[in-house]
There are 2 protein chains.
Amino acid sequence: MNLKRLAEELGLSQTTVSRALNGYPEVSEATRKRVEEAARRYNYRPNSRAKGLATGRAMVIGQVIPTSVQHEMVNPIFGDFVAGASQTFSRYGYDMMFSRVPDVDESDIYREYRARGAVDAVILQGPLVNDQRIPLLNRIGLPFIVHGRSTGITEPYAFVDVNNTRAFQHATEFLVHLGHRRIALINGLEGMDFAQRRRAGYEAALKAAGIPVDPALMRSDEMTEYFGYRETRALLAQEDPPTAIMAASMIAALGVRRAIEETGLTMGRDVSVITHDDDLSYLKNGQDVPIFTAIRSSVRKAGEILAQCLVDQINAPDAPPEQRMLEADLLVGRSTGPAPQRT
Amino acid sequence: MNLKRLAEELGLSQTTVSRALNGYPEVSEATRKRVEEAARRYNYRPNSRAKGLATGRAMVIGQVIPTSVQHEMVNPIFGDFVAGASQTFSRYGYDMMFSRVPDVDESDIYREYRARGAVDAVILQGPLVNDQRIPLLNRIGLPFIVHGRSTGITEPYAFVDVNNTRAFQHATEFLVHLGHRRIALINGLEGMDFAQRRRAGYEAALKAAGIPVDPALMRSDEMTEYFGYRETRALLAQEDPPTAIMAASMIAALGVRRAIEETGLTMGRDVSVITHDDDLSYLKNGQDVPIFTAIRSSVRKAGEILAQCLVDQINAPDAPPEQRMLEADLLVGRSTGPAPQRT
DNA sequence: TTGAAAGCGCTACCAA
DNA sequence: TTGGTAGCGCTTTCAA
């Protein structure tokens, strides 16, 4: 069923039917009723492409997934983010679209999105330090919002980010407070903006406590299970091994745990760990929530908020870009104990 | 830049330019060269909506995400599946679209997809036993493929599934072989097709070994961390507790581990566990691969295969539906040991 | 080998 | 309050 046939059935013009269905005020109540009833009866839905062609709006939000395996998409919490975002988007009639492209072509796809008119806006995931996609998107005039931020980019852009610096500063302070002085940091790739911020928080807390920052305790790579495993083994085999480890990813944390256990040590006694591992409880409002559940629900929330910001931006393109900071909760539990006495 | 302007610039008709760009044979080589060069220069991309309107194809694959929190989307390996699928899709020029809908409206969205012409085909996730979405999709003529199968549906449909029955049968046999006779099964919701198949494999192995199937050892619910935790505590507190536990989900397994540790037992010694937990090694071709990595890569592969089947189906709509079975590897590792002696 | 023109299904302007 | 009609940007006959 299309508009033309529906109009014929009703003995009305396409114009009137379209207006009735789109809530225009100049349609008589009687006509509108009749039209709506018929539309329901014939299960009529306007064709998206025709509508989009006529209005210039796609009602689709794009998201680009670089091909390289270890990126966002394969992060297990990515699904939660998408679930949150798409919930908000669907309330406003937007669908989400994913395009997978080879890393090298990533900037091409944005031009293509723009030229093809395939999407109304895009979400930028996993921003790098000084991420050139931001100026690019501004230049080609494709509305976007960044999930995270990008140090070094001075032009304005909208983002929703978690206060990574503060979270890692607090976590480090907490470990220092427990008596730890050899605290390792298993971090993401240095090029990732969040990784730099996390390191900054970690270093700030150490400096404030008068503890020297030791490069031998800091590791940085793509956050895989193996990375966490390999570096934890190496850290624990060192001359003066860490008494605490902060792992910046749930995936890497799996490897951290395994390495500790294989070394014959006990988490929370011989080595403290602050991470997203399940072994941790989640202290939030004094409640003990399974950690994985908690993280996933907050990521989901972030998705909802980000989507709302993007919708607002699309509807008010001239407003200054929204920039939202979310606070991360401190992740502490059974695996985090006082520093062991060493002789 | 659009076709009309491009044609004007070239002093050609839209028809010729279109033909040149779409590889029609009747265009002279010289003209094609000239057109392609100009298209590149002006960074011309055909408008998706206009093209779709004219051709009747959307070049988009839909996926519906029910609103209920615990569904597929929030399964941490969902992202891997999507990554695999979208890689294949993008090779054929398809994008993936996600629509989030309240559970009650789930069948509406398919009619809407069809009516709106928003997608060319859909992927059906998490099929139930006797899933009525399958006859619905057949009825409305929207091409689809099921990730999994649906017992009780007799009409033909395409699917890609993992042999859950065999995987759980093998796993159970393996535990029996190690001397276990009290083997618990922590399973997904009974309504889910895969849950029934897993249980069938489990029961078949027990029966073959002459071990009675004990309902007190079988738990079924949405696979959350808490579910795994709660039921494992309960199982271990029973009169005659299990010596082995099979957990059918990575998430639930987090809770299983926690419950075992809190009970003061040791995995692999007091209780054997077969699951997707990180503690396990992954025996595959004799190699020791981190379990999480292994699972995720095979899910990714499943996504690629499924996407290929769907593309084939779109291009040859009259061919019989493809039905692919993938074998699951047995997940066994450090947490799986011989049955403890009980007096 | 090229071009003119009729749609695809809808919105939005202008007229009635 | 309603209708006629000109696009939106493309593909695809049909004609030349």
Side-chain angles (χ1 to χ4, degrees), chain A residues 1-39 42-60 93 95 111-120, chain B residues 1-39 42-60 93 95 111-120:
Chain A
M1 177 56 71
N2 60 22
L3 189 64
K4 189 173 172 187
R5 286 211 351 225
L6 187 63
E8 282 166 4
E9 296 284 346
L10 283 161
L12 288 168
S13 73
Q14 294 188 39
T15 315
T16 304
V17 175
S18 169
R19 278 199 279 240
L21 259 21
N22 288 300
Y24 281 67
E26 62 267 39
V27 181
S28 78
E29 231 8 79
T31 309
R32 187 186 309 270
K33 274 262 154 38
R34 209 159 66 84
V35 170
E36 279 172 349
E37 207 280 309
Y42 290 108
N43 200 23
Y44 167 77
R45 300 293 155 76
N47 179 295
S48 323
R49 292 186 300 266
K51 191 164 182 163
L53 194 55
T55 58
R57 294 189 120 196
M59 299 311 283
V60 174
D95 288 312
R111 298 179 197 284
E112 188 177 321
Y113 269 167
R114 179 72 180 160
R116 274 174 35 193
V119 303
D120 296 321
Chain B
M1 176 56 70
N2 59 22
L3 189 64
K4 189 174 172 186
R5 288 215 343 229
L6 187 63
E8 282 165 4
E9 296 283 346
L10 284 160
L12 288 168
S13 72
Q14 293 189 41
T15 316
T16 304
V17 176
S18 170
R19 278 200 278 241
L21 258 21
N22 287 300
Y24 282 67
E26 62 267 38
V27 180
S28 78
E29 231 10 80
T31 310
R32 186 185 310 268
K33 273 262 154 35
R34 208 158 66 84
V35 170
E36 280 171 350
E37 206 280 309
Y42 291 108
N43 201 23
Y44 166 77
R45 300 291 157 78
N47 179 296
S48 322
R49 291 186 301 265
K51 191 163 183 164
L53 194 55
T55 57
R57 296 189 119 197
M59 299 311 283
V60 174
D95 287 313
R111 297 179 199 286
E112 187 177 324
Y113 268 167
R114 178 69 179 165
R116 275 174 34 193
V119 304
D120 296 322

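Note: hydrogens, waters and symmetry copies are ignored here, and every other heavy atom, side chains too, is used. Since the model is a prediction, treat every value here as computed from it, not as a measurement. Proteins get letters first, then strands, A, B, ... in listed order; numbering begins at 1 in each.
Within residues 26-35 of chain B, no residue has any heavy atom under 4.0 Å from DNA chain D. Near-neighbour residues of DNA chain C inside residues 47-57 of chain B, defined by a heavy atom below 4.0 Å, number-ordered: B:Leu53, B:Ala54. Non-hydrogen atoms lying under 4.0 Å from DNA chain D are contributed by B:Gln14, B:Thr15, B:Ser18, B:Arg19, B:Asn22, all within residues 8-22 of chain B.
The shortest distance between side-chain heavy atoms of B:Arg49 and A:Val60 does not fall below 4.5 Å.
Shown here are the side-chain contact (heavy atoms from CB on, under 4.5 Å) partners of B:Asp120, two or more places apart in sequence or in another chain: B:Arg57, B:Ala58, B:Met59, B:Tyr94, B:Ile314. For B:Arg45, the side chain to side chain donor-acceptor pair (under 3.5 Å) criterion is met by A:Glu112, B:Asn43, not counting sequence neighbours. In this structure A:Thr15 satisfies the side chain to side chain donor-acceptor pair (under 3.5 Å) test with no other residue, sequence neighbours excluded. A:Thr55 pairs by the side chain to side chain donor-acceptor pair (under 3.5 Å) definition with nothing, not counting sequence neighbours. When the side-chain contact (heavy atoms from CB on, under 4.5 Å) test is applied to B:Ala118, the partners found at least two apart in sequence or on another chain are A:Ser48, B:Met97, B:Tyr113, B:Arg116. In this structure A:Ala54 satisfies the side-chain contact (heavy atoms from CB on, under 4.5 Å) test with no other residue, sequence neighbours excluded.
Straight-line distance from the NZ atom of A:Lys4 to the C1' atom of C:dC8: 10 Å, rounded to whole Å. Between the OH atom of A:Tyr44 and the C1' atom of C:dG9 there is a distance of 7 Å, given to the nearest Å. Rounded to whole Å, atom C1' of C:dG9 lies 6 Å from atom CG of A:Asn2. Between B:Arg5 atom CZ and D:dC8 atom P the separation is 12 Å, expressed in whole Å. With rounding to whole Å, B:Leu3 atom CG is found 13 Å from D:dT12 atom P.
Of the inter-residue distances, the one linking A:Glu37 atom CD with A:Arg34 atom CZ reads 10.0 Å to the nearest 0.5 angstrom.
What you find for B:Leu53 and A:Leu53 is that their closest heavy atoms are CD2-CD2, 3.3 Å. Shortest non-hydrogen contact noted between B:Leu21 and B:Val35 is CD1-CG1, 3.4 Å.
Relative to the axis of its first five pairs, the axis of the last five pairs of the helix from C:dT1-D:dA16 to C:dA16-D:dT1 sits at 40°, rounded to 10 degrees.
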Distance-only donor-acceptor hits, side chain of residues 1-10 of chain A, under 3.5 Å, sequence neighbours excluded:
| unit_1 | atom_1 | unit_2 | atom_2 | d |
| --- | --- | --- | --- | --- |
| A:Asn2 | OD1 | A:Lys4 | N | 3.4 |
| A:Asn2 | OD1 | A:Arg5 | N | 3.0 |
| A:Glu9 | OE1 | A:Tyr42 | OH | 3.1 |

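Among residues at least two apart or in separate chains, salt bridge (Lys or Arg N to Asp or Glu O under 4.0 Å) pairs with a member in residues 19-28 of chain B are B:Arg19-B:Glu26.
Look at B:Tyr24 and you won't find any side-chain N or O under 4.0 angstrom from OP1 or OP2 of C:dG3.
We find that A:Arg32 and A:Glu29 are joined by a salt bridge, their nearest charged nitrogen and carboxylate oxygen being less than 4.0 Å apart.
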